[in-house]
Number of protein chains: 2
Amino acid sequence: MDDLDREILSILRRDARTPYTEIADRVGTSEGTVRNRVERLVEDGVIERFTVATRTGNVKAMIEVSVDVNVDTAEVSDRIADWQQVDFVWQVSGEEDIVVVVDAADTDAVNGLITQARELEEVVGTKTRLILNERVG
Amino acid sequence: MDDLDREILSILRRDARTPYTEIADRVGTSEGTVRNRVERLVEDGVIERFTVATRTGNVKAMIEVSVDVNVDTAEVSDRIADWQQVDFVWQVSGEEDIVVVVDAADTDAVNGLITQARELEEVVGTKTRLILNERVG
DNA sequence: TTGAGGATTACGAAATTCGAAACTCGTCTT
DNA sequence: AAGACGAGTTTCGAATTTCGTAATCCTCAA
């Protein structure tokens, strides 16, 4: 992981469809080198996957979920991850145990998801933040 | 957003480098249609961007940042987004104002980022959660 | 100096993307 | 009912990108 790798990653984070040829021009090397590097980054697990960031709805939100003690947090996370409109589920340290990032049609839909979470046996509380704006690093 | 769009999206979420030709075969249509659809999805903002999910370090964390009143939160977010190791910066509603998702080499590096945040004039406090596990919806 | 191993570059072939024209199919108008 | 129209789809050749592989370059150690 040298600076060249980091430059390539930063280009791919912003647009993963940038051709190797263009990346090569921008970082001052050859297409083959960019290709080798990207292959190695995937191989090493630095690049977990090529994907698309979507916004199918109009509202994104973080729902911080507290679960009861003696609950299998991983199992609850799995169930939540299956819900439509859920982008990510993180198990986290701190006051709450699970953070759910959702992409919903509107605030009503967010509310529905919160309700759905609170209705789970294992869940003892939720705290929600609307995501007003997103930047990529 | 019909079922065909959703099928295409679900393929791209798993591997955004899947060629149009292959997507077309898998969903039973032509390359041109897949191309038109993807272009429209990007146009409409359903696909925000093509990107790579990375894990350059061993620790991911969320740093919740509170800024002073009368501070331009967007501007602070911009500055933070430029830091190495930062994946996302969200402006959020709720107790804190900004959530920073970072991907760091180790807990020391996370600590460094927290310090860096707290050293900003505008920042009045931070609260950090380690991300122990991530699932995709 | 020489050789080995790894990274980089070069280059032709294969695959993919792209632009644009042709086509399909339902709907509206007369 | 015929014709016109528009949105979406398909087709196809050209341009671009990716891919496989062989040659070259570098650096370090003996």
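Rounded to an integer number of Å, the gap from CD of B:E43 to C1' of D:dG8 is 16 Å. Taking atom CG of residue B:L4 and atom P of nucleotide D:dT9, one finds them 7 Å apart after rounding to whole Å. Remark: C1' of D:dA7 and CZ of B:R37 are 11 Å apart, rounded to the nearest angstrom. If you take CG of B:D2 and C1' of D:dT9, they are 13 Å apart, rounded to a whole angstrom. Atom-to-atom, CD1 of A:I23 to C1' of D:dT16 comes out at 15 Å; the value is rounded to the nearest Å.
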Would you tabulate the nitrogen or oxygen pairs shorter than 3.5 Å linking the protein to nucleotides 14-18 of chain C?
{"from": "C:dT17", "atom 1": "OP2", "to": "B:Y20", "atom 2": "N", "distance (Å)": "2.9"}

Below 3.5 Å between N/O atoms, which protein atoms pair up with nucleotides 23-26 of chain D? Just atom names and distances, please.
none

Run B:L9 and B:M1 through side chain to side chain contact (heavy atoms under 4.5 Å, CB included) and show every step you take. CA-CA 10 Å; B:L9 276 182; B:M1 266 292 280; 4.2 Å; yes
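Proximity of A:S30 to the phosphate of C:dA10: no side-chain N or O atom is located under 4.0 Å from OP1 or OP2. Look at B:T29 and you'll find a side-chain N or O under 4.0 angstrom from OP1 or OP2 of D:dT10.
In terms of modelled atom types and a separation under 3.5 Å, the side chain of A:D68 and the main chain of A:E122 share no donor-acceptor contact. In terms of modelled atom types and a separation under 3.5 Å, the side chain of B:S77 and the main chain of B:V89 share no donor-acceptor contact.
Across all strands, B:R40 comes closer than 4.0 Å to no nucleic acid atom at all (heavy-atom distances).
With hydrophobic clusters built from ILVMFWY side chains whose heavy atoms lie under 4.5 angstrom apart, B:V86 does not share a cluster with B:V52.
Side-chain contact check for A:V76 versus A:V65: every heavy-atom pair is 4.5 Å or farther apart.
Salt bridge B:R35/B:E39: absent, no basic N to carboxylate O contact under 4.0 Å. Using a 4.0 Å cut-off between charged side-chain N and carboxylate O, B:D82 and B:R79 make no salt bridge.
Enclosure of atom CZ in B:R14 is not indicated, since only 12 or fewer non-hydrogen atoms of other residues, nucleotides or ligands lie within 6.0 angstrom. More than 12 heavy atoms of other shown residues, nucleotides or ligands fall within 6.0 angstrom of atom CD in B:Q116. A 6.0 Å sphere centred on CD of B:E75 holds more than 12 heavy atoms belonging to other residues, nucleotides or ligands. Remark: A:E22 CD is packed, more than 12 non-hydrogen atoms of other residues, nucleotides or ligands lying under 6.0 Å away.
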Taking Watson-Crick and G-U wobble contacts under 3.5 angstrom, with | marking pairs to another strand and [ ] crossing pairs, the secondary structure of DNA chain C is written ||||||||||||||||||||||||||||||
